[in-house]
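These notes concern the structure reproduced below.
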Protein chains: 2
Amino acid sequence: MSSADTRPRRRADAERSIARIVSAARDCLSRDPDATVDDIAKAASVGRMTVYGHFRTRPELVEAALAEALRAGEQTLAGVDLGGDARQAMSRLLASSWSLVAESAALLSAAQRVLPEGRLRELHTGAADRVELLIVRGQSDGVFRTDLPVTWLVNAVQYVLHGAAEEIRLGRLDAAAASGIVTATVQSILAVPDPVGQVRSGT
Amino acid sequence: MSSADTRPRRRADAERSIARIVSAARDCLSRDPDATVDDIAKAASVGRMTVYGHFRTRPELVEAALAEALRAGEQTLAGVDLGGDARQAMSRLLASSWSLVAESAALLSAAQRVLPEGRLRELHTGAADRVELLIVRGQSDGVFRTDLPVTWLVNAVQYVLHGAAEEIRLGRLDAAAASGIVTATVQSILAVPDPVGQVRSGT
DNA sequence: AATAACTCGTATCCTCTTGTACGACTTACA
DNA sequence: TGTAAGTCGTACAAGAGGATACGAGTTATT
């Protein structure tokens, strides 16, 4: 009873239904944090009652969707080599997972409104924390800026990713080019600011 | 009949009520895009019916709130010297209006869901457009990067401002220090990337 | 094949929010 | 000071969404 077989008996098709529902929930909630249970059911090609058969309340469903997204995020994160130059590591990280992180961020804001305060931090620990560690390492290696709070840097990156996802949804940003653009933007945010050209150099 | 006295007769206290309601709407909607008419009324220390006395529907109220926020934004913008070095101009702009711009952005997303498609662009023209012009000028002056689409840069700045406002709301960012942090972050996003330290320089 | 598990439609209840109607009270303003 | 304008509470209709109950049909598993 470590993590699998939460319940002793469950039929295979039920398992499949649950998977479809959670997946649909991720899709719907990422697009619209206010997605209805009925919307999600329809997206999963499943009756609304089936959803309630597996998730007692809507918040419970939202939490399940978020948990799965975070799990997927952590798995992807685990597959990325975070060693070597912190900047390159960050680029690798973004290249392989930025859209996923962005999606999780949208889900996160969806969950923020229906889950109790502490529950979020509880679930979210580890995902963003590992990004923070990478940034901190980059700082102590002297390749990332130290003039701004780490908390801010982490969140600023989050917001940029979220924004990029939104821009794509609105058709204002090419999905194919997004990865490069996001990476360039994030690198600029994290890089040690150039003391010469920043605000000085009037005339 | 240029812009004032839209209607010939209105009592002074009604004018005051309207001002209070619109102001409350800005506050509430900036914090929660789904704020109820009742919430707004309570925040304005006014009966819900009074609100409906001045605004037929909730969307109408949202539009009024947005319009006023944009008006305030444009006024502030007009008072800022956008000449000289584009970077310095941007810093001046952010120093005097970043929180206001951030608030407008939140309101904008609130309005996005209740106003018809075209109405938004119609109202919003001018506010963000002037920022875009400044960025473009900075680009042609060679002090802002040109390797990323202008649309993206404008929106990335928007998202960062929005994020900063959110961080303050959540108590994760000191309001006093925010201005400097925001400015530094935006400057980094817009600055011409350093070709040396960006991704190269492995070992 | 038998059975327990699962699916899923319908009907129902509850709550919240928007918007309207009415009417009494208060206040600005001429 | 009289009157129109404005305030605002209560009540009400309508619609949406969450959640429960019930029950008949379907399917996986033994």
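A, B, ... follow the sequence lines: proteins, then strands. Residue 1 opens every chain. It should be emphasised that the depicted structure is a prediction, and the values quoted were computed from it without experimental measurement. Every heavy atom of this structure was used, including side-chain atoms; hydrogens, water molecules and symmetry mates were not.
- Atom CD of A:Q75 has 12 or fewer neighbouring heavy atoms from other residues, nucleotides or ligands inside a 6.0 Å radius.
- With salt bridges taken as basic N to acidic carboxylate O contacts below 4.0 Å, one links A:D141 and A:R137.
- Between the CG atom of B:L29 and the P atom of C:dT17 there is a distance of 14 Å, rounded to whole Å.
- Ionic pairing of A:D38 and A:K42 is present here: one or more N-O contacts between side-chain nitrogen and carboxylate oxygen are shorter than 4.0 angstrom.
- Counting only heavy atoms from C-beta on, A:V46 has its side chain closest to C:dC8 among C:dC8, D:dC8, D:dG6.
- In this structure, B:I40 atom CD1 and D:dC8 atom P are separated by 16 Å, rounded to whole Å.
- C:dT17 atom P lies 10 Å from atom CG of B:D32, rounded to whole Å.
- Each end of the helix from C:dA1-D:dT30 to C:dA30-D:dT1 gets its own axis, taken as the rotation carrying the C1' atoms of four end pairs onto the next four within a five-pair window, and the two axes meet at 30° to the nearest 10 degrees.
- Within residues 61-69 of chain B, no residue is approached by DNA chain C to less than 4.0 Å at the level of any non-hydrogen atom.
- What separates CZ of A:R56 from P of D:dA19 is a distance of 12 Å, to the nearest Å.
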request  = Quick one: do B:R48 and B:T36 satisfy side-chain hydrogen bond (donor to acceptor under 3.5 Å, both in side chains)? Show the steps, please.
outcome  = CA-CA 10 Å; B:R48 196 168 68 97; B:T36 310; over 6 Å; no
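- Taking the side chain of B:P59 as heavy atoms from C-beta on, and the options C:dC8, C:dG19, D:dG17, the nearest nucleotide is C:dG19.
- Here the side chain of A:T50 is nearest to one of C:dA21, D:dG18, C:dT7, namely C:dT7.
- With respect to A:L77, the side chain to side chain contact (heavy atoms under 4.5 Å, CB included) criterion is satisfied by exactly one of A:V101, A:L100, A:L93, A:L134: A:L93.
- Under the 4.0 Å criterion applied to side-chain N and carboxylate O atoms, A:R71 and A:E74 are not assigned as salt-bridge partners.
- Between the side chains of A:W152 and B:T185, at least one donor N or O lies within less than 3.5 Å of an accepting N or O.
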message = Let's go through A:F55 and A:E63 carefully: what are the C-alpha distance in whole Å and the side-chain angles of both, what is the deciding distance for side chain to side chain contact (heavy atoms under 4.5 Å, CB included) to 0.1 Å, and is it a yes or a no?
response = CA-CA 10 Å; A:F55 304 92; A:E63 177 171 330; over 6 Å; no
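- For the pair B:D34 CG and D:dA16 P, the interatomic distance rounds to 17 Å; values are reported in whole Å.
- Side-chain contact between A:V62 and A:R58: present, with at least one pair of heavy atoms (C-beta onward) separated by less than 4.5 Å.
- In summary, A:R169 and A:E166 engage in a salt bridge, as defined by a charged side-chain N under 4.0 Å from a carboxylate O.
- Rounded to an integer number of Å, the gap from A:D38 CG to D:dG17 P is 8 Å.
- Close to C:dC6, at under 4.0 Å from its OP1 or OP2, lies no side-chain N or O of A:H54.
- Atom pair B:R58:CZ and D:dA14:C1' shows a separation of 18 Å (rounding to whole Å applied).
- Checking B:R16 against B:R48, the closest nucleotide of DNA chain D that is more toward the 5' end is the one next to B:R16.
- In terms of position along DNA chain C, the nucleotide closest to A:S45 lies nearer the 5' end than the nucleotide closest to the other residue of the pair A:S45 and B:A35.
- Listed nucleotides C:dA21, C:dC8, D:dT7 differ in distance to B:M49; the shortest reach to its side chain belongs to C:dA21.
- Phosphate proximity of D:dG6 to B:S17: absent, as no side-chain N or O sits under 4.0 Å from OP1 or OP2.
- Nucleotide C:dA28 holds its C1' atom 15 Å from the CD1 atom of B:I18, rounded to whole Å.
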